[in-house]
Protein chains: 2
Amino acid sequence: MGIIRKTESVEILLNEFQDTETALSTVELITRLGKFMNKTTIYRILEKLEDDGILHSFIGFDGVKRFARCKSCSKSNHSDVHPHFQCISCGKSECLDIEVNIPDMSNREVLFSQLLIKGKCDLCMV
Amino acid sequence: MGIIRKTESVEILLNEFQDTETALSTVELITRLGKFMNKTTIYRILEKLEDDGILHSFIGFDGVKRFARCKSCSKSNHSDVHPHFQCISCGKSECLDIEVNIPDMSNREVLFSQLLIKGKCDLCMV
DNA sequence: CTTACATTTGCAACTAAGTTGCATTAATAA
DNA sequence: TTATTAATGCAACTTAGTTGCAAATGTAAG
Ligand SMILES: [Zn+2]
Ligand SMILES: [Zn+2]
Ligand SMILES: [Zn+2]
Ligand SMILES: [Zn+2]
């Protein structure tokens with residue numbers, strides 16, 4: 001079930017996702033927005049925005065869920081599949097606008113895949 | 001710091017990893033081996049075996065850590081990089097013996113990457 | 001503008017994975 | 001056999017995420 005009412009909390013949360021390439025963890029969002037809304041509200045809105053195809057999520061190397069803005073998804077069509085990058089220096093994670101081709105899986109049915117890359121981002125590369 | 005003494009707990013745990021292709025979650029291992037050893041012991045031994053290059057790990061779609069036997073790693077050289085597959089029907093996860101080529105990252109330094117695939121395994125494909 | 005009502009929110013309590021400190025047990029080598 | 005030190009069990013803790021319910025608020029009809 002997605003978003004039905006445009007509440008203040010929804011607006012505040014969406015504001016954090018202006019940058020299409022940057023992914024934000026639930027922990028980060030709770031720290032940033034904890035004074036404006038309850039953490040339960042944050043979790044619930046994120047879930048709804050994901051249902052609506054406005055955000056997508058992945059689990060980082062630390063096991064914490066991250067969210068980022070979708071580019072071309074809708075409630076019925078979640079087509080936003082791309083790799084994610086996590087910088088070990090600054091901690092930033094981001095969507096990568098590149099194509100990954102999954103090798104052929106002869107005896108398995110592939111429904112979804114995610115590539116997670118760990119390294120140093122452009123700013124931290126020395 | 002890896003394994004120093006070959007204790008009974010280490011033996012029992014290693015026995016679970018006979019099958020090179022199958023990955024086991026910490027939760028599964030605690031359920032299976034909880035009567036033989038404490039969960040703290042399980043976590044600690046797994047960590048050490050990973051340090052030693054005997055096991056490797058990844059975080060599943062559910063956020064739970066999974067471990068599997070390495071084929072050709074050592075304490076100093078962790079070369080076992082391959083995709084992992086998680087079956088949505090039977091819940092089994094396994095190592096895939098296939099090569100993935102990460103696209104060139106012009107402005108980023110890639111240190112590690114993991115491809116996680118969700119789908120139906122050979123036995124569950126109908 | 002007011003009312004009605006369903007959606008959303010806050011709160012507190014809970015679940016579950018994983019960690020830590022410390023006293024006790026046990027593997028190893030002298 | 002004993003001394004040493006790693007490994008273990010236990011309980012208490014941390015942290016991410018969830019749930020139930022009462023109170024608050026957005027929305028549309030009247
Ligand atoms: Zn960085
Ligand atoms: Zn993304
Ligand atoms: Zn299966
Ligand atoms: Zn593997």
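Here is how names work: the chains are called A, B, and so on, in the same order as the sequence lines, proteins then strands, and each is numbered from 1.
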- [ ] Identify, between I4(A) and F36(B), the residue whose nearest nucleotide on DNA chain D lies closer to the 5' end.
- [x]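 That would be F36(B).
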- [ ] Go through the structure and list residues passing ring pair (Phe, Tyr, Trp, His ring centres under 6.0 Å) with Y43(B), not counting sequence neighbours.
- [x]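 Scan of Y43(B) (ring pair (Phe, Tyr, Trp, His ring centres under 6.0 Å), adjacent residues dropped) gives none.
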Task: ring pair (Phe, Tyr, Trp, His ring centres under 6.0 Å) partners for F17(B), two or more places apart - done: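 Testing F17(B) for ring pair (Phe, Tyr, Trp, His ring centres under 6.0 Å), a comparison that skips the adjacent residues, returns none.
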Task: side-chain N/O T41(B) vs dG9(D) OP1/OP2, d < 4.0 Å - done: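 Answer yes for this pair, as a side-chain N or O of T41(B) is under 4.0 Å from OP1 or OP2.
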Output the single nucleotide from [options] whose closest atom is nearest the side chain of [X].
X: T40(B); options: dT18(D), dT8(D), dC10(D); value: dC10(D)
X: R5(A); options: dG26(D), dT8(D), dA16(D); value: dG26(D)
X: K39(A); options: dA7(D), dG17(D), dT25(D); value: dG17(D)

Distance in angstrom units between [X] [atom1] and [N] [atom2], rounded:
X: I42(A); N: dT18(D); atom1: CD1; atom2: P; result: 13 Å
X: Y43(B); N: dA12(D); atom1: OH; atom2: C1'; result: 16 Å
X: E11(A); N: dG26(D); atom1: CD; atom2: P; result: 11 Å
X: L29(A); N: dG17(D); atom1: CG; atom2: P; result: 11 Å
X: L46(B); N: dT8(D); atom1: CG; atom2: P; result: 11 Å
X: I45(B); N: dA7(D); atom1: CD1; atom2: P; result: 9 Å
X: F67(A); N: dA16(D); atom1: CZ; atom2: C1'; result: 12 Å
X: K35(B); N: dG9(D); atom1: NZ; atom2: C1'; result: 17 Å

Open item on the list: List the residues meeting side-chain hydrogen bond (donor to acceptor under 3.5 Å, both in side chains) with E109(A), not counting sequence neighbours, and say none if there are none.
Closed with: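 Partners of E109(A) under the side-chain hydrogen bond (donor to acceptor under 3.5 Å, both in side chains) test: none.
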Show which side-chain atoms of residues 93-106 of chain A pair as donor or acceptor with protein atoms under 3.5 Å away, not counting sequence neighbours.
{"from": "S93(A)", "atom 1": "OG", "to": "R66(A)", "atom 2": "NH1", "distance (Å)": "3.4"}
{"from": "E94(A)", "atom 1": "OE2", "to": "R108(B)", "atom 2": "NH1", "distance (Å)": "2.6"}
{"from": "D97(A)", "atom 1": "OD2", "to": "K71(A)", "atom 2": "NZ", "distance (Å)": "2.6"}

- [ ] Walk me through it: do H84(B) and L115(B) pass the test side chain to side chain contact (heavy atoms under 4.5 Å, CB included)?
- [x] CA-CA 6 Å; H84(B) 291 101; L115(B) 176 63; over 6 Å; no
- [ ] Kindly assign one of parallel, tilted or perpendicular to the pair F61(A) and F112(B), based on the angle between their ring planes and the thresholds 30° and 60°.
- [x]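 F61(A) vs F112(B) ring planes: tilted.
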- [ ] Heavy atoms of chain B, cut-off under 4.0 Å: which first and last nucleotide of DNA chain C, 5' to 3', fall inside that, if you could look?
- [x]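 With heavy atoms of chain B under 4.0 Å away, the range is dA17(C) to dT28(C).
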Open item on the list: Under 4.0 Å, counting only non-hydrogen atoms across every strand here, what does K6(A) touch: a base, just sugar-phosphate, or nothing?
Closed with: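 Answer is sugar-phosphate: K6(A) comes under 4.0 Å of backbone atoms only.
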Open item on the list: Students often get this wrong, so: under 4.0 angstrom with heavy atoms, is I30(A) touching a base, only sugar-phosphate, or nothing?
Closed with: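 No contact at all - I30(A) keeps every heavy atom at 4.0 Å or more from the nucleic acid.
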Task: Most 5' of V27(B) and S9(A) on DNA chain C, judged by nearest nucleotide - done: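 On the 5' side of the pair lies S9(A).
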Open item on the list: Would the base of dG17(D) count as contacting K65(A) through its side chain, where contact means a donor and an acceptor less than 3.5 Å apart?
Closed with: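 Such a pair does not exist between side chain and base.
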Side-chain donor-acceptor pairs of residues 46-53 of chain B under 3.5 Å, sequence neighbours excluded:
{"from": "E50(B)", "atom 1": "OE2", "to": "S57(B)", "atom 2": "N", "distance (Å)": "3.3"}
{"from": "E50(B)", "atom 1": "OE2", "to": "S57(B)", "atom 2": "OG", "distance (Å)": "2.6"}
{"from": "D51(B)", "atom 1": "OD2", "to": "M1(B)", "atom 2": "N", "distance (Å)": "3.2"}
{"from": "D52(B)", "atom 1": "OD1", "to": "K75(B)", "atom 2": "NZ", "distance (Å)": "3.4"}
{"from": "D52(B)", "atom 1": "OD2", "to": "I3(B)", "atom 2": "N", "distance (Å)": "2.8"}

